[in-house]
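Report on the following structure.
Nothing here was measured: the structure is a model prediction, and the numbers come from that model. Every heavy atom of this structure was used, including side-chain atoms; hydrogens, water molecules and symmetry mates were not.
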Amino acid sequence: QVQLVESGGGLVQAGGSLRLSCAASGRTASSYSMGWFRQAPGKEREFVAAISWSGGRTYYADSVKGRFTISRDNGKNTVYLQMNSLKPEDTAVYCCAETTAGAGLYHTSLYDYWGQGTQVTVST
């Protein structure tokens, strides 16, 4: 059973930075893509960023493009989300997810495993 555990969330002022980590264990798939999603209170879960198995392809939501960077270290079974220039509207629970799909990584339905999430709160 694959387990994904996020860390690195917290409270930060607008304009600040945070780096989220997602550590994976129990994998059986030979290759997989990883994604970050977020859900704010009263809103649907939304795509934030995704990265291919090799790290050669990355994808971002328009709302975070230029501010967030997704990366991965396969040797450590960890994916990261560096978040800079944070805004109050970035406040949400951030979850990582894993899929064996290689395309369409924007869609939540393609992901097989999900972490519990980590809270990010951006104050004004």
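- For Lys65, the side chain to side chain contact (heavy atoms under 4.5 Å, CB included) partners at least two apart in sequence or on another chain are Tyr60, Asp62.
- Arg38 has its side chain within reach of Ser63: a pair of non-hydrogen atoms, C-beta onward, lies under 4.5 Å apart.
- The neighbour count for Gln116 CD, taken as heavy atoms of other residues, nucleotides or ligands under 6.0 Å away, does not exceed 12.
- Residues Gly115 and Cys95 come closest through the heavy atom pair O-SG, 4.0 Å.
- Judged by distance alone, the side chain of Thr121 and the main-chain N or O of Thr91 form no donor-acceptor pair under 3.5 Å.
- The number of heavy atoms from other shown groups lying within 6.0 Å of CD (Gln13) does not exceed 12.
- Residues passing the side-chain hydrogen bond (donor to acceptor under 3.5 Å, both in side chains) test with Arg57 are Tyr59, sequence neighbours excluded.
- Screening Tyr106, Tyr111, Tyr94 for a ring pair (Phe, Tyr, Trp, His ring centres under 6.0 Å) with Phe37, the sole residue that qualifies is Tyr111.
- Of all heavy-atom pairs between Ser123 and Leu11, the closest is CB-CD1, 4.3 Å.
- Hydrophobic clustering, with ILVMFWY side chains joined whenever heavy atoms are under 4.5 angstrom apart, keeps Trp114 apart from Val79.
- In terms of heavy-atom proximity, Ser33 sits nearest to Ala101 at OG-O, 2.9 Å.
- Proximity of a side-chain donor or acceptor of Asn74 to a complementary backbone N or O of Asn77 within less than 3.5 Å is not detected.
- The shortest non-hydrogen separation linking Leu4 to Ala24 is CD2-CB, 3.5 Å.
- Remark: Leu81 CG to Glu6 CD distance equals 11.0 Å, nearest 0.5 Å.
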### Task
Kindly indicate, with the supporting measurements, whether the criterion side chain to side chain contact (heavy atoms under 4.5 Å, CB included) is fulfilled by Lys87 and Val122.
CA-CA 6 Å; Lys87 305 175 181 180; Val122 184; 5.5 Å; no
Donor-acceptor pairs under 3.5 Å, side chain of residues 14-23 to any protein atom, not counting sequence neighbours: which ones?
unit_1: Ser17; atom_1: OG; unit_2: Asn84; atom_2: OD1; d: 2.9

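- Taken from CE in Met34 to CH2 in Trp53, the straight-line distance is 11.0 Å, to the nearest 0.5 Å.
- What you find for Ala92 and Ala40 is that their closest heavy atoms are CB-N, 3.8 Å.
- Residues Tyr32 and Tyr80 are members of separate hydrophobic clusters, defined by side-chain heavy-atom contacts under 4.5 angstrom among Ile, Leu, Val, Met, Phe, Trp and Tyr.
- Within a 6.0 Å radius of CD in Gln39, other residues, nucleotides and ligands contribute more than 12 heavy atoms.
- A distance-only check finds no donor-acceptor pair linking the side chain of Arg72 to the backbone of Gly55 [under 3.5 Å].
- For the atom pair CG of Leu110 and OG1 of Thr99, the computed distance is 5.5 Å after rounding to the nearest 0.5 Å.
- Between Thr100 and Asp112 there is a side-chain heavy-atom pair separated by less than 4.5 Å.
- Put simply, Leu105 and Val64 are part of two different groups of oily side chains (I, L, V, M, F, W, Y) that touch within less than 4.5 Å, one to the next.
- Phe68 and Ile51 fall within the same hydrophobic cluster, where Ile, Leu, Val, Met, Phe, Trp and Tyr residues are linked whenever their side-chain heavy atoms come under 4.5 Å apart, directly or through other members.
- Distance check: Arg67 CZ to Ser85 OG gives 7.0 Å after rounding to the nearest 0.5 Å.
- A donor-acceptor pair under 3.5 Å is absent between the side-chain atoms of Ser109 and the main chain of His107, judged by distance alone.
- A pairwise comparison of heavy atoms in Ile70 and Thr58 identifies CG2-CG2, 3.8 Å as the closest pair.
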